[in-house]
Each structure stands twice: as structure tokens, then as C-alpha cells.
J.: 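Please see the structure below; I have some questions.
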Amino acid sequence: MAYWLFKSEPSTWSWEMQKKKGDAGQQWDGVRNYQARNNMRAMKIGDLGFFYHSNEGLEVVGIVEVCALAHRDTTTDDERWECVDVRAVRDMPKPVTMKDIKANPKLKEMVLVNNSRLSVQPVTKEEWIEVCRMGGLDPAQ
DNA sequence: GCCAACGTTGGC
DNA sequence: GCCAACGTTGGC
């Protein structure tokens, strides 16, 4: 299983809105960047991702699960753009902020730190475990 | 609201 | 195919 990070501006698509979609989930539309799209194409059902609030909040607020493989983004006629569906799995008991992540030497290689503009990013298993631990989740889960 | 970093576009 | 110009993103 692979791990990812999805970024969204809460004013556009917030964690609260995501949770309201429940187990049905929601397509992660609007991505117009090849790298981010390629990351979504590589996703498999059951992969987990952090849900990160950009611009406001600047923190990992929850965990989502990929529940549909990459398919056409229905918000555009352009065939180039695809997206997966994700559903909310759980809240972070304690949101992990950008500041916390930058302050942790174990996370200095995170894409979030080094390429903050990429909206869908891969996360290593080690990074996943560390961020979960910081957020008050049992890393074994 | 500013601006650095990055991606894309388009003229040559 | 290069690269300058432009637009967008997102942390601060």
C-alpha cells in the first residue's frame, strides 16, 4: 500500500465538506498539473492519504482512503485530466501543522516541505508513521 | 497582500 | 528545442 498527501484550500474544499460525503467519497477534481495527475494514476484502491489544508490552517487535518481508481475529471472536457475518488476515514486527533513538520528533522525530505506547490504528493511509509504519531494516532493502525 | 518558486505558453 | 514572459500557487 502506498501513502499520499492531498492538498486543498478549505475555502474551496474543506475537510468538513469531505466528511459530509461519507463513505461514498468524492472525486478529487480540479487538478491541472501533470505530476499531480500522474500520482493519482499510480494510486490503488485502499491507499491512504493525508488531507492537508493549504493557505488557511496549513495543517494535516484528516486521513482519506482512495475508493476509486483514476478516471476522467468530469469538471473539464479536456481528456488529459483525471482524478481518483477519496473518502474520509478519520480525523487527526491533533492536526499536524506545517510548522510542526518543518521543525521535525525526520520530515525534512517531505515533498510538502521541498515542493509545496505540488497538490497531490507521495508520502513515504516512514513519513506517514511519523506524521500519524505527531497527530496523536497509533502508527500501528 | 506580497512575492518566490514553479509550470506553462508561445515566439523564434 | 530554447527561453523569456506570463500566470498560478501557497507560505509568510
Side-chain angles (χ1 to χ4, degrees), chain A residues 1-139 141:
Chain A
M1 169 165 68
Y3 300 99
W4 310 93
L5 183 145
F6 296 86
K7 263 191 326 197
S8 183
E9 296 186 37
S11 59
T12 306
W13 183 253
S14 71
W15 178 235
E16 292 305 314
M17 293 160 86
Q18 179 70 51
K19 282 198 288 187
K20 281 199 184 114
K21 288 283 176 178
D23 286 342
Q26 167 72 21
Q27 68 172 358
W28 197 262
D29 55 36
V31 170
R32 302 291 182 264
N33 172 284
Y34 293 110
Q35 227 182 320
R37 183 207 60 188
N38 291 344
N39 286 335
M40 288 198 284
R41 280 182 172 172
M43 292 179 190
K44 298 193 170 65
I45 304 288
D47 278 0
L48 296 175
F50 290 127
F51 192 109
Y52 176 82
H53 276 165
S54 63
N55 282 316
E56 301 164 48
L58 310 184
E59 56 193 9
V60 174
V61 289
I63 289 175
V64 292
E65 177 185 13
V66 175
C67 60
L69 296 174
H71 55 81
R72 277 286 305 280
D73 182 336
T74 60
T75 62
T76 175
D77 289 333
D78 194 327
E79 297 186 345
R80 292 176 298 170
W81 305 122
E82 300 175 9
C83 60
V84 296
D85 289 9
V86 297
R87 65 167 169 242
V89 175
R90 66 185 306 169
D91 293 305
M92 292 305 269
K94 177 178 166 296
V96 180
T97 66
M98 169 69 85
K99 208 175 145 193
D100 294 337
I101 288 168
K102 281 192 166 170
N104 188 333
K106 285 185 192 166
L107 301 175
K108 68 178 193 308
E109 302 293 329
M110 266 189 90
V111 180
L112 190 67
V113 176
N114 295 309
N115 183 6
S116 62
R117 291 192 51 195
L118 185 60
S119 62
V120 179
Q121 316 175 350
V123 172
T124 68
K125 189 173 186 187
E126 291 72 26
E127 290 161 354
W128 181 268
I129 289 170
E130 183 64 11
V131 173
C132 283
R133 193 189 59 73
M134 291 164 76
L137 285 176
D138 180 357
Q141 289 180 14

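Within every chain, numbering begins at 1; the chains are lettered A, B, ... in the order of the sequence lines, protein sequences first and strands thereafter.
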J.: Holding to side-chain contact (heavy atoms from CB on, under 4.5 Å), I want the full list of residues that pass it with A/R117, two or more places apart in sequence or in another chain.
T.: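 By the side-chain contact (heavy atoms from CB on, under 4.5 Å) rule, A/R117 matches A/N115.
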J.: Scan for salt bridge (Lys or Arg N to Asp or Glu O under 4.0 Å) pairs involving residues 30-54 of chain A, sequence neighbours excluded, and state none if there are none.
T.: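 Every pair satisfying salt bridge (Lys or Arg N to Asp or Glu O under 4.0 Å) with a residue in residues 30-54 of chain A: A/R32-A/D73, A/R41-A/E82.
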J.: Going by atom type alone, with no hydrogens or angles, which donor-acceptor pairs under 3.5 Å involve a side-chain atom of residues 55-68 of chain A and a protein atom two or more places apart or on another chain?
T.:
from	atom 1	to	atom 2	distance (Å)
A/N55	ND2	A/E9	OE1	3.3
A/N55	ND2	A/E9	OE2	3.1
A/E65	OE1	A/R87	NE	3.3
A/E65	OE1	A/R87	NH2	3.3

J.: Would you say A/N39's side chain and A/V120's backbone share a donor-acceptor pair under 3.5 angstrom?
T.: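 Side chain of A/N39 to backbone of A/V120, a donor-acceptor pair under 3.5 Å: yes, one is there.
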J.: Contact list please: residues 50-62 of chain A against DNA chain C, heavy atoms, distance less than 4.0 Å, in numerical order.
T.: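 Those residues are A/Y52, A/S54, A/N55, A/L58.
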J.: Contact boundaries of DNA chain B with chain A (under 4.0 Å, heavy atoms), 5' to 3'?
T.: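 Footprint of chain A along DNA chain B, 5' to 3': B/dA5 to B/dT8.
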J.: Using the salt bridge (Lys or Arg N to Asp or Glu O under 4.0 Å) rule, collect all pairs that involve residues 12-23 of chain A, keeping only residues at least two apart or in two chains.
T.: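 For residues 12-23 of chain A: A/E16-A/K19, A/K19-A/D91.
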J.: ring-ring contact (aromatic ring centres under 6.0 Å, His included) with A/W4: which residues, sequence neighbours excluded?
T.: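 Applying ring-ring contact (aromatic ring centres under 6.0 Å, His included) to A/W4 gives none.
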J.: Assign A/K99 to base, sugar-phosphate, or nothing according to its heavy-atom contacts below 4.0 angstrom with the strands shown.
T.: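 Result for A/K99 = nothing.
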J.: Partners of A/Y52 by ring-ring contact (aromatic ring centres under 6.0 Å, His included), sequence neighbours excluded?
T.: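 Residues passing ring-ring contact (aromatic ring centres under 6.0 Å, His included) with A/Y52: none at all.
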J.: According to salt bridge (Lys or Arg N to Asp or Glu O under 4.0 Å), who are the partners of A/K106, at least two apart in sequence or on a separate chain?
T.: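 Once residues adjacent in sequence are excluded, the partners of A/K106 under the salt bridge (Lys or Arg N to Asp or Glu O under 4.0 Å) criterion are A/E130.
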